[in-house]
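Written out below as structure tokens is the structure these notes cover.
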Amino acid sequence: MANNNKAAMEEMHFFADVCKNFDHAAKFTQHDAGLLDQIRSCNSVFRFRFPIRRGNGFEVIDAWRIEHSHHQSPTKGGIRYSEMVNEDEVMALAALMTYKCAIVNVPFGGAKGGIKINPKEYTVQELENITRRYTVELTKKNFIGPSIDVPAPDYGSGEREMSWIADTYATMNPGQLDAMGVVTGKPIALHGIAGRREATGRGVAIAARECVSFAEDMEKLGLTAGLEGKKVIVQGLGNVGYYSAKYLAEFGATIVGICEFEGAIYNADGLDYDAVFQHRKATGSLLNFPGATSFENSGEGLEQPCDILVPAALENQITIDNIRRIKAKIIVEGANGPTTPEAEAIFYEEMGGFIVPDMYANAGGVTVSYFEWLKNLSHVAFGRMNRRFEENSNKNIVNMVESITGVNLSDSQRATIVKGASELELVNSGLEDTMIRSYHEIRETFVSTEGIDTLRTAAFVGAINKIAVSYQNLGIWP
Ligand code: GLU
């Protein structure tokens, strides 16, 4: 029993870790202790249980939805389907959503949901029953809605689950014009948006590219500027890890290692992330990928030589137990909470490392969720009104320049200049702009605040200041 308690206590530190980081950053702000307490606390915790029919009997499912902060409405955050889900984890993830949205100027409060199941052990029909019942429970309590709380995918859930949620909510709210804005990450054919699936990974890659673009910062780490030729290890080949690897490779980095729960592979000359993905799909495992060294202990994969490590799986992966064996100089956090505060302190102070924190690095997902929500509320796809108009204006300009100069463009040159922006291009442009601006903002706080220790602290300081202003604007605080 004592041991069980100890295990439970050890498990319950994720929210405390987030609060520890918050409290540390709060010292670099001037806010009233009460206001800081309001920002830090979880506002609403809804824990519920419901039965589903399974086999010849019933099973009771444990579930949560937690709204961390209402300084903006709606609240926003994914729903995790995992047998490891617990209240502490959902609270921590909800809090991270609040800070994440503030950092990238997405006007939402933070929330998160959890359903305690291993989705691999359930049939599609059972998963549908669970998801629809979860949505009904939230609807009954007014815990979901386009202007209340807007879920999205997270670990263990995806477009399919989001379409079940949208359909259930719409069914229970007949005639509600904005019903599709109740959830983001939907399939494109069901009111989703182009680019949402790739958004988190694309954002992670842009975050890494921005970080390494500052020559003076790289010099301190003993690295050169630019992604070209940088060796990267990615942990996780799910949605975030796969697209992080894809775009990092597209931006010029070399993916040298990939880790998953069954093990890890490494090849200093580079791995073709897509071939690895196909190999895993075909064999059920990363291991024995041709030309790569395989490690049955997945943790060993993180410790191989590289410049950048991208943990894109789950929280609590880089701890005091393994940090000193990490060879990377930069950690870009694709997952939420992969590095513990103790490990981060060692990485900066003893190992001269640098961490691009989760609440900024993986904010691409919620940024594009914001665009999807706007699309749902406006009932029109981005680019629909202006694409052809832009193309015609561009054609007129090109025709005029050609007639004045006598120079004729080739068909492909003409097509590149004339083309109006598609929804995907607009989404990607908004995402890139958001990621670049936010990095500059955080870095500016980092370099200009005396005594500040980490980029995470700088990100928290920015987030706390913005949330404080929202409370003041709401008139809740003087
Ligand atoms: N679950 C994702 C996250 O942790 C996405 C949240 C959203 O799009 O609302 O950021």
Side-chain angles (χ1 to χ4, degrees), residues 14 18 64-69 72-82 85 89-115 138 143-159 161-163 165-166 180-187 191-193 195-204 207 236 238-241 243-244 311-315 332-338 356-376 427 430-431 434-435 438 459 463:
F14 192 9
V18 175
W64 290 264
R65 185 73 190 172
I66 297 184
E67 295 170 359
H68 172 260
S69 176
Q72 299 267 19
S73 287
T75 48
K76 186 86 189 78
I79 304 171
R80 183 164 287 203
Y81 288 49
S82 157
V85 159
E89 182 185 40
V90 186
M91 283 168 71
L93 293 168
L96 284 175
M97 284 308 304
T98 294
Y99 309 125
K100 192 184 299 193
C101 291
I103 286 165
V104 290
N105 294 324
V106 162
F108 296 140
K112 204 79 172 196
I115 303 181
L138 294 184
F143 248 74
I144 189 170
S147 59
I148 299 169
D149 182 12
V150 180
D154 198 79
Y155 187 81
S157 60
E159 290 170 16
E161 287 71 19
M162 301 308 113
S163 59
I165 293 173
M180 286 300 126
V182 71
V183 67
T184 60
K186 301 179 291 296
H191 307 272
I193 195 165
R196 174 62 184 87
R197 194 185 294 165
E198 312 89 287
T200 312
R202 185 185 268 274
V204 169
N239 175 280
V240 181
Y243 285 110
S244 299
L314 285 172
E315 60 266 21
V332 182
E333 296 183 331
N336 291 309
V356 183
D358 48 7
M359 47 214 257
Y360 158 70
N362 69 34
V366 76
T367 301
V368 176
S369 276
Y370 170 47
F371 301 155
E372 180 176 335
W373 181 75
L374 291 175
K375 175 183 179 177
N376 296 148
V427 163
L431 171 62
T434 303
M435 295 307 295
S438 306

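Counting convention: from 1, in listed order, for ligands and their atoms alike.
Between T98 and Q72 the shortest side-chain heavy-atom distance does not fall below 4.5 Å. For the pair P338 and D358, the minimum side-chain heavy-atom distance is below 4.5 Å.
Only the backbone of P153 comes within 4.0 Å of ligand 1, judged by heavy-atom distances. Of all the heavy atoms of E372, none lies under 4.0 Å from any atom of ligand 1, so neither backbone nor side chain is involved.
F108 CZ: more than 12 foreign heavy atoms inside a 6.0 Å radius.
Scanning all protein heavy atoms for the shortest distance to atom 8 (O) of ligand 1 gives S369 OG, 2.6 Å. Remark: minimum distance from atom 5 (C) of ligand 1 to any protein heavy atom is reached at R196 NH2, 3.5 Å. Of all protein heavy atoms, the one lying nearest to atom 9 (O) of ligand 1 is K76 NZ, 2.8 Å. Nearest protein heavy-atom neighbour of atom 7 (C) of ligand 1: A152 CB, 3.2 Å.
Using a 4.0 Å cut-off to heavy atoms of K112, the atoms of ligand 1 that qualify are 1 (N), 3 (C), 4 (O). Less than 4.0 angstrom separates some heavy atom of K100 from each of these atoms of ligand 1: 3 (C), 4 (O), 10 (O). Each of the atoms 8 (O) of ligand 1 lies under 4.0 Å from some heavy atom of G365. Near G78, meaning under 4.0 Å from any of its heavy atoms, are these atoms of ligand 1: 1 (N), 6 (C). Distances below 4.0 Å separate heavy atoms of N336 from the following atoms of ligand 1: 4 (O).
A donor-acceptor pair shorter than 3.5 Å cannot be found between the side chains of R196 and T184. Between the side chains of D149 and T75, a donor-acceptor pair is found at a separation under 3.5 Å.
The N/O atoms of M97, backbone and side chain alike, include none that comes under 3.5 Å of an N/O atom in ligand 1. Considering backbone and side-chain atoms alike, N362 places every N or O at 3.5 Å or more from each N or O of ligand 1.
Note on K186 versus E372: salt bridge recorded, some NZ/NE/NH1/NH2 to OD/OE distance being below 4.0 Å.
In this structure, CE in M180 is found 5.0 Å from NE2 in H191, a value given to the nearest 0.5 Å.
Shortest non-hydrogen contact noted between G156 and Y81 is O-CB, 3.5 Å.
In this structure a side-chain-to-backbone donor-acceptor pair under 3.5 Å is missing from Y99 to G110.
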